[in-house]
Amino acid sequence: MKKTILALVAITAPLLLGASKPIYLDSSKPMDLRVDDALSRMNLSEKIALIHAQSKFCSPGVARLGIPELWTTDGPHGIRPEVLWDEWNQAGWTSDSCVAFPALTCLAASWNPDMSALYGKSISEEALYRGKDVLLGPGVNILRTPLNGRNFEYMGEDPYLASKMVVPYIRNCQDNGVAVCVKHYALNNQEFERHNTNVVIDDRTLYEIYLPAFKAAVEDGGAWSIMGSYNLYQNQHVCHNDRLLNKILKGEWGFDGAVISDWGGTHDTREAITNGLDLEFGTWTDGLSMGATNAYDNYHMARPYLELIEKGEVGTDELDEKCRRVLRLIFRTAMNNEKGYGSLCSDEHYEAARRIGDEGIVLLKNKKNLLPVRLDGTGKPRILVVGENAIKMMTVGGGSSSLKVQHEVLPLDGIRAFCGDRADVDFARGYIGDVNVMQDGLSTGQDLTDSRSQQQLMDEAVAKAAKADYVIFVGGLNKASGQDCEDSDRKSLGLPYGQDELIEALAKANGNLVVVNISGNPVAMPWVDKVPAIVQAWFLGSEAGNSIADILFGAVNPSGKLPMTFPVALSDVGAHAAGPASYPGIRREGSDKYDTEYSEGILVGYRWSDAKKIKPLFAFGHGLSYTTFDYGKLKADKKSIADGESITFTIPVTNSGKTAGAEIVQLYISDPESSVMRPVKELKAFEKVYLKPGETRDVKFTVGKDALSYFDADKHCWVAEPGEFVAHAAAASDDIRSSVRFSLK
């Protein structure tokens, strides 16, 4: 309502005085003309106010001109509940519940850009309804180490997959007049000492691995804002980093939006002025008790900036450029009079969350076709569900993605609802994890306290398992500190709370054991050979239990594939091969700063496994189905291409089973004759194809010179060397089905 009143005042007041409508209010005028007109009407204090926050989540706009406040919100998985004006704690509203969508690891695991488009459309409608202008997400930082507590917010280890999956999210979100703020740009690949870690990386690795998804977000997605990351690069904090923000983002990529600091990511006024930051949020203060008038006046780009201008130590050119970018963001969002009203907690949004979850769940193993669990036989099967994660809410906690949901279907409830009276479903907890789940004053409302010992819980589960027809173990990680959670990394690759021992005992008691792993990260599975069926379920949001039941009982044929490599051990991960210097970094003597050297270079994820000939636990791109798919022979439409030409590969894929399903066909390219080190192969195209039983479809991939190129740091350009290349059609990075050679002239 406040925004509406301001806008009406700005529009009507000049007209009542007989003046023409100001250009900046006329949405039919070119954007830059509107921006320059508004800027010309602003005084110095209004310009300074425009570029920093006035509360935890909003900046002030220009009230005198009717330019409204700009309201930001976390996601990326749902719209954060309202907090008090100057505190993280909840405001106590009763109308700010939301739909929690699956975490972005699940979205990436769908390998389906249509699901990304649905995600962006749905979450932006919730943001619109709540009056939010900027959605703080999505995240596209590359999974470098499986210990990173924030990997669940990102889109896996491969820059091509992340690039293709982030663009539809952005476009469909911004089509509704809600800006994305793509994060965390860049090199924010660990949470340990995230404010003090200086990343040491070569340019080739930077451009080939860690920048492509951000570049796609800007150039293909048209992102309206970007969030700087906490870490340092070239000894400058990235929220005010000349190389990353000025030279690459705004220079090379032509980004015309606003760079927004991560909350607490701004550290220096002069660097903030000159090094590309446009809008400062969350600089550490203790609220309104600090400062002569308002804590926000003490931000680096507030009074300190104004005083430098008044002293003549800095000019106003940088200030005007920052204001232009922030005004452009406001005109695209808060002052966009063509956007709709959105909707909150609608049936369509719950359906979208369930569909995304259904498509992202990955069937890792299914020995002797144990899954799907069949409910149509004679008699009622006895199903035992074991594990705290079957009864634990996962939407609260984890950091800034913590949500207040209207409802969350828990796995046990989803299984019971699906089975109805067709099965007898019992439960045993099996282990105790973190029972007190609360963040920023928001609690799940669950009381998970249990006075029994770990041994008593395991004994009960094993005794019940011996009498069941099927045992479904639902475990994994959770959103507690030190697991999948912002501001901390995991301590190890293994499962917490004694789950490995419990799974081993359950496997001995019952051969029909299904392990459902809920996590946003790879985990070690020392029991993998003893368990016939394993499902990777991610953090699935409001419809978690329903999506898990859809897969377990065959209402949906699983079609997700891993967006990251599951290693057997940490020693199999490139980031850990060189010891502490590579992760978590070495602390400088006499300093709080760490240096972390990305010594594995471009060999991240499956690239490392391929190069070092390490067999993963489960490979990048791996995922099974309840049907089978046969691949024909990969063919190319020509034997060679010249610069500027493209080549099309075709492979027939047949559903050779008895169930309709979807296969994700992956195209990798190898350069066996390169003068520089290249990965054994790299993902360069993929398609998710839906097939009925017996149906065959030709899957086509067209690639050009860019798919054959590497980044030459000395020349600072992409280079494709003439010579022979190999294209591989694959069901996973370790499952090549057909290959064909071709050459670049």
Side-chain angles (χ1 to χ4, degrees), residues 55-57 72-105 123 126-127 130 132 135-139 148-154 183-184 188 191-192 194-195 227 230 262-265 281-282 284 286-287 345 388-389 391-408 410 432-449 476-491 496-497 518-521 538-542 544:
S55 79
K56 275 286 183 256
F57 283 100
T72 67
T73 180
D74 293 311
H77 307 134
I79 308 308
R80 186 181 184 134
E82 300 298 332
V83 300
L84 296 172
W85 182 260
D86 197 56
E87 299 177 25
W88 291 111
N89 281 338
Q90 306 300 296
W93 289 22
T94 58
S95 58
D96 58 348
S97 298
C98 70
V99 172
F101 297 92
L104 292 185
T105 43
I123 197 170
E126 300 237 335
R130 290 271 303 281
K132 308 304 180 184
L135 179 70
L136 303 176
N148 182 9
R150 218 163 180 183
N151 280 335
F152 72 95
E153 295 186 44
Y154 302 141
K183 62 187 188 182
H184 301 89
N188 191 176
E191 290 297 285
F192 175 80
R194 59 182 180 168
H195 295 277
M227 181 182 289
Y230 283 134
D262 204 344
W263 273 232
F281 270 95
W284 306 129
D286 62 350
C345 297
E388 183 177 277
N389 280 3
I391 59 170
K392 186 185 191 71
M393 289 181 65
M394 294 291 184
T395 50
V396 175
S400 59
S401 63
S402 179
L403 297 172
K404 176 181 175 181
V405 294
Q406 187 184 53
H407 77 252
E408 179 177 345
L410 300 174
I432 297 178
D434 296 274
V435 296
N436 297 315
V437 181
M438 179 177 289
Q439 183 174 319
D440 302 328
L442 177 64
S443 170
T444 63
Q446 291 184 294
D447 184 1
L448 296 179
T449 56
L477 307 181
N478 58 39
K479 298 291 191 67
S481 179
Q483 297 198 50
D484 282 324
C485 184
E486 180 182 358
D487 204 20
S488 63
D489 281 349
R490 299 165 64 197
K491 303 302 181 186
Y497 317 125
I518 294 176
S519 72
N521 254 314
W538 318 110
F539 297 112
L540 298 173
S542 290

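These numbers come from a predicted model, not from an experiment.
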Heavy-atom nearest pair, Pro76 first then Gly137, reads CB-CA, 3.9 Å
On a heavy-atom basis, the closest approach of Leu442 and Leu403 is CD2-O, 3.4 Å
All heavy atoms of Leu84 vs all of Ala91, minimum pair found to be CD2-CA, 3.7 Å
**Q.** Donor-acceptor under 3.5 Å (Glu126 side chain, Val99 main chain)
**A.** yes
Sorted by chain and number, sequence neighbours left out, salt bridge (Lys or Arg N to Asp or Glu O under 4.0 Å) with Lys183 holds for Glu153
Residues passing the side chain to side chain contact (heavy atoms under 4.5 Å, CB included) test with Thr444, sequence neighbours excluded, are Met393, Val396, Val437, Gln446
What one should report as the nearest heavy-atom pair of Gly441 and Gln90 is C-CG, 3.9 Å
dist Phe192:CZ -> Asp489:CG (nearest 0.5 Å) comes out at 8.0 Å
The reported gap from CZ in Phe539 to NZ in Lys479 (rounded to nearest 0.5 angstrom) is 5.5 Å
Salt bridge present between Arg80 and Asp440 (N-O < 4.0 angstrom):
yes
For this session: Assign the ring pair Phe57 / Trp263 to parallel, tilted or perpendicular, where the plane angle (0 to 90°) is split at 30° and 60°.
Result: tilted
Heavy-atom nearest pair, Gly482 first then Ser488, reads N-OG, 2.8 Å
- prompt: Between Tyr230 and His195, does the ring centre distance come in under 6.0 Å?
  reply: yes
Residue set satisfying side-chain hydrogen bond (donor to acceptor under 3.5 Å, both in side chains) with Asp484, at least two apart, ordered chain then number -> Asn521
Separation between CG (Leu104) and CG (Asn151), nearest 0.5 Å, reads 11.5 Å
By side-chain hydrogen bond (donor to acceptor under 3.5 Å, both in side chains), Tyr497 pairs with (sequence neighbours left out) Asp434, Asn478, Gln483
Please determine whether side-chain contact (heavy atoms from CB on, under 4.5 Å) holds for the pair Ser481 and Glu191, giving the CA-CA distance in whole Å, both sets of side-chain angles, and the decisive distance to 0.1 Å.
CA-CA 11 Å; Ser481 179; Glu191 290 297 285; over 6 Å; no
Those residues at least two apart in sequence (or on a different chain) that pass side-chain hydrogen bond (donor to acceptor under 3.5 Å, both in side chains) with Ser95 are none
_Over 12 non-hydrogen atoms of neighbours within 6.0 angstrom of CH2 in Trp88_ = yes
Tightest non-hydrogen contact, residues Asp74 and Leu135, listed as C-CD1, 4.4 Å
The reported gap from SG in Cys345 to CG in Asp96 (rounded to nearest 0.5 angstrom) is 9.5 Å
To the nearest 0.5 Å, atom CH2 of Trp538 lies from atom CD1 of Ile518 at 12.0 Å
By side-chain hydrogen bond (donor to acceptor under 3.5 Å, both in side chains), Thr395 pairs with (sequence neighbours left out) Glu408
Rounded to the nearest 0.5 angstrom, the SG-CG distance for Cys485 and Asn148 is 11.0 Å
Paired with Glu82, the salt bridge (charged side-chain N to carboxylate O under 4.0 Å, His left out) test is passed by just one of Lys56, Lys132, Lys404, namely Lys132
